[in-house]
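Heads up: the structure comes next, in structure tokens.
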Amino acid sequence: MVNEFLGNPNFNISAQTVSASCPSNIALIKYWGKYESQIPANPSISYTLNHCRTNTALEFVADEKFSVQTFLGGNEEKKFAEKIEKYFKDIEPFLPWILKGRYVIKTENTFPHSSGIASSASGFGAIAKCLMNLDEEFSGKLEKDFTLKKASFLARLGSGSACRSLYGGLVVWGETQEVPGSSDLFAVPYPTDEIHSVFKNFNDWVLLIHEGEKSVSSTVGHGLMKTNPYAERRFQEAHENFFSLREILKTGEISRFIRLVEHEALTLHAMMMMSEPAFILMKTGTLDVIHKIWNFRKETRLNLFFTLDAGANVHLLFPENSDADKIREFIVKELLQHTQNGGVVKDEMRF
Ligand code: PMV
């Protein structure tokens with residue numbers, strides 16, 4: 001089925017500057033473990049964030065010699081350029097003109113660079129959008145829905161979870177019988193008419209527990225699932241969780257949602273601890289915050305809960321309603337003290 005994405009061999013290149021913006025996303029059912037060519041070992045679903053985004057301008061000049069120069073927030077990033085060069089070579093079958101020029105790529109994130117918030121999803125999402133803009137200039141217009149689908153397909157080849165950032169709301173990547181049309185090759189939006197209104201007006205405050213590079217990259221982490229004795233059970237469980245989540249999203253059962261989302265986050269980190277060699281990305285502050293959230297929920301019955309990325313930061317999730325101010329007050333008073341520099345990124349999912 002990759003054939004539908006093969007590029008048009010007839011193209012006409014010219015100097016062009018294109019730009020695009022793409023948000024980041026946070027997974028509820030996590031993708032952790034993959035096969036050859038970025039095929040996920042299990043389906044995943046994420047919320048696309050409203051504010052954390054990458055804005056990218058891509059300048060293309062036709063040239064016999066292919067080269068890439070990248071700038072992040074105005075500073076040249078040579079390592080990122082090498083990564084992009086390799087990525088462009090990998091996706092040549094799908095964009096046959098791609099190695100026929102020089103590129104200057106300027107990107108900016110709306111969230112702090114050192115925050116430890118993954119910029120690969122929004123970054124590759126924005127680059128894939130830019131590339132599809134160029135493709136339409138060089139090879140002719142495509143159908144709008146297909147352009148988006150191909151951008152998601154291309155983003156996946158850069159960074160798996162990036163493919164989900166091309167759509168808003170809740171987005172699924174990986175084949176599951178629970179979501180018709182879902183695919184391992186690209187993401188699809190979860191049908192909004194099957195989502196209860198409580199899940200369409202949510203907050204995600206990211207506590208920056210640890211800023212800077214993580215000790216083990218997600219590429220290495222995914223790789224370690226190959227030898228993890230619990231991997232098969234985990235992949236199976238992700239499928240089972242999709243079955244439950246579909247029902248929860250429809251009925252609006254928030255307490256079941258909380259249990260499922262926190263379980264997924266802890267499973268992701270449990271898989272890290274069960275890898276060989278083992279690794280732990282949570283910090284003391286991560287655990288302190290988790291315990292405080294659980295106590296708070298027990299005492300107040302308010303719906304504050306968490307999810308985790310492949311890192312120490314805690315995503316604080318809570319619905320926007322008449323209780324939200326009490327939750328915000330608690331976060332500021334009790335949880336901010338566990339961050340490294342008082343850092344919190346306030347995002348939201350409203351759709
Ligand atoms: O897209 P990658 O290779 O950076 O992997 C992301 C993995 C998690 O963020 C931990 C989970 C997910 O589904 O986004």
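Side chains included, hydrogens not; waters and symmetry mates left out as well; all remaining heavy atoms used. We count ligands from 1, going down the list as the structure has it; atoms in each ligand are counted the same way. We're numbering straight along the sequence, starting at 1.
Here's the thing with Lys34: none of its N/O atoms is less than 3.5 angstrom from an N/O atom of ligand 1.
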key: Stepwise ring pair (Phe, Tyr, Trp, His ring centres under 6.0 Å) check, Phe235 with Tyr31   = CA-CA 9 Å; Phe235 301 149; Tyr31 145 63; 9.8 Å; no

request  = Would you sort out whether Lys150 and Glu136 count as a salt bridge (charged side-chain N to carboxylate O under 4.0 Å, His left out), showing the intermediate values?
outcome  = CA-CA 12 Å; Lys150 185 162 173 178; Glu136 293 206 305; over 6 Å; no

key: Working for salt bridge (charged side-chain N to carboxylate O under 4.0 Å, His left out), residues Lys149 and Glu4   = CA-CA 11 Å; Lys149 184 164 137 183; Glu4 72 171 304; 3.3 Å; yes

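In this structure, atom 7 (C) of ligand 1 lies nearest to the protein heavy atom Tyr31 O, 3.4 Å. Here the protein heavy atom with the shortest distance to atom 4 (O) of ligand 1 is Ser218 OG, 3.2 Å.
When each atom of ligand 1 is checked for a heavy atom of His222 under 4.0 Å away, the hits are 2 (P), 3 (O), 5 (O). The ligand atoms of ligand 1 that sit less than 4.0 angstrom from a heavy atom of Arg164 are 12 (C), 13 (O), 14 (O). Residue contact check: Gly160 has heavy atoms under 4.0 Å from atoms 1 (O) of ligand 1. Close approach of ligand 1 to Ala27 is summarised as follows: ligand atoms under 4.0 Å from at least one heavy atom of the residue are 12 (C), 13 (O), 14 (O). Proximity to Asp309 (heavy-atom distance under 4.0 Å) selects the following atoms of ligand 1: 9 (O).
Residue pairs meeting the salt bridge (Lys or Arg N to Asp or Glu O under 4.0 Å) criterion with at least one partner in residues 334-351, sequence neighbours excluded, are Lys292-Glu334, Glu320-Arg350, Glu348-Arg350.
For the residue pair Ser122 and Thr54, a side-chain donor N or O sits within less than 3.5 Å of a side-chain acceptor on the partner. Ser14 and Glu137 share no donor-acceptor pair across their side chains, judged by distance under 3.5 Å alone.
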Output a table of donor-acceptor pairs, distance under 3.5 Å, between side-chain atoms of residues 162-173 and any protein atom two or more places apart or on a different chain; print 'none' if there are none.
unit_1, atom_1, unit_2, atom_2, d
Arg164, NE, Ser46, OG, 2.7
Arg164, NH1, Ser44, OG, 2.8
Arg164, NH2, Asn25, OD1, 2.8
Ser165, OG, Pro23, O, 2.8
Ser165, OG, Asn25, ND2, 2.9
Trp173, NE1, Asp184, O, 2.8

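Contact annotation for Ser161 and ligand 1: heavy atoms of both the backbone and the side chain come within less than 4.0 Å of the ligand.
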